[in-house]
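Just so it is clear, the values below take in all heavy atoms, side chains as well, and ignore hydrogens, waters and symmetry mates.
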Amino acid sequence: MTIKSFGYVDLGMRLAERTQRAASILGDPVEIAWGDYVFARCALAAGLRGRSYTVAACAAQTVAGVEAPAGIACTGVLHQTISSGNMTP
């Protein structure tokens, strides 16, 4: 996430994809949602608002039923990302 602020959005996207892959290997819905969150934020930084919105909305549905504190926190940041990605220029 820090890399994108230095102008290396492409590298940030590759790292976000690796985060998603690692989370899917773990199989935990909260970790998968966090991986999707990182990807959605990088997509938003790259100007891909529609992609960011889609990924964040799917991740929010994945983690919606999780009552753990990490799941609740993840849901909050995903909804923030959804609202950021849903804005029109």
Side-chain angles (χ1 to χ4, degrees):
M1 293 282 298
T2 306
I3 293 172
K4 69 177 176 57
S5 64
F6 293 112
Y8 298 102
V9 178
D10 57 336
L11 185 55
M13 291 294 285
R14 297 296 81 76
L15 291 173
E17 288 170 353
R18 287 183 179 236
T19 303
Q20 284 180 311
R21 190 175 318 139
S24 67
I25 290 170
L26 291 174
D28 180 18
V30 175
E31 296 297 330
I32 292 170
W34 279 115
D36 289 344
Y37 165 73
V38 172
F39 185 85
R41 293 302 297 182
C42 286
L44 189 61
L48 304 171
R49 290 184 176 184
R51 181 73 175 141
S52 175
Y53 175 83
T54 303
V55 170
C58 289
Q61 288 178 350
T62 301
V63 79
V66 177
E67 295 296 326
I72 294 169
C74 188
T75 302
V77 296
L78 284 167
H79 283 288
Q80 178 188 14
T81 304
I82 290 168
S83 65
S84 298
N86 199 21
M87 295 185 307
T88 56

Legend entry - Non-hydrogen atoms of L44 and S52 that approach each other most closely: CB-OG, 3.7 Å

Inset, instruction - Grab the two heavy atoms, one from R41 and one from T81, that are nearest each other, plus how far apart they are. - result: CD-OG1, 3.3 Å

Legend entry - For Q20, all residues meeting side chain to side chain donor-acceptor pair (under 3.5 Å), sequence neighbours excluded: D36

Inset, instruction - Please list all pairs passing the ring-ring contact (aromatic ring centres under 6.0 Å, His included) test where one or both residues lie in residues 9-34, with sequence neighbours left out. - result: W34-Y37

Inset, instruction - Not counting sequence neighbours, which residues clear side chain to side chain contact (heavy atoms under 4.5 Å, CB included) with A68? List them please. - result: V66

Legend entry - Non-neighbouring partners of A57 that pass side chain to side chain contact (heavy atoms under 4.5 Å, CB included), sequence neighbours left out: I82

Inset, instruction - Enter the distance from T62:OG1 to E31:CD here, rounded to the nearest 0.5 Å. - result: 13.0 Å

Inset, instruction - Find out if a path of hydrophobic residues (ILVMFWY) with successive side-chain heavy-atom gaps under 4.5 Å connects V38 to V77. - result: yes

Legend entry - Where at least one partner belongs to residues 12-23, residue pairs that pass salt bridge (Lys or Arg N to Asp or Glu O under 4.0 Å), sequence neighbours excluded: R14-E17

Legend entry - Sequence-distant partners of T75, side chain to side chain contact (heavy atoms under 4.5 Å, CB included), two or more places apart: V63, H79

Inset, instruction - Can you measure from SG (C58) to CD1 (I32) and round to the nearest 0.5 angstrom? - result: 12.5 Å

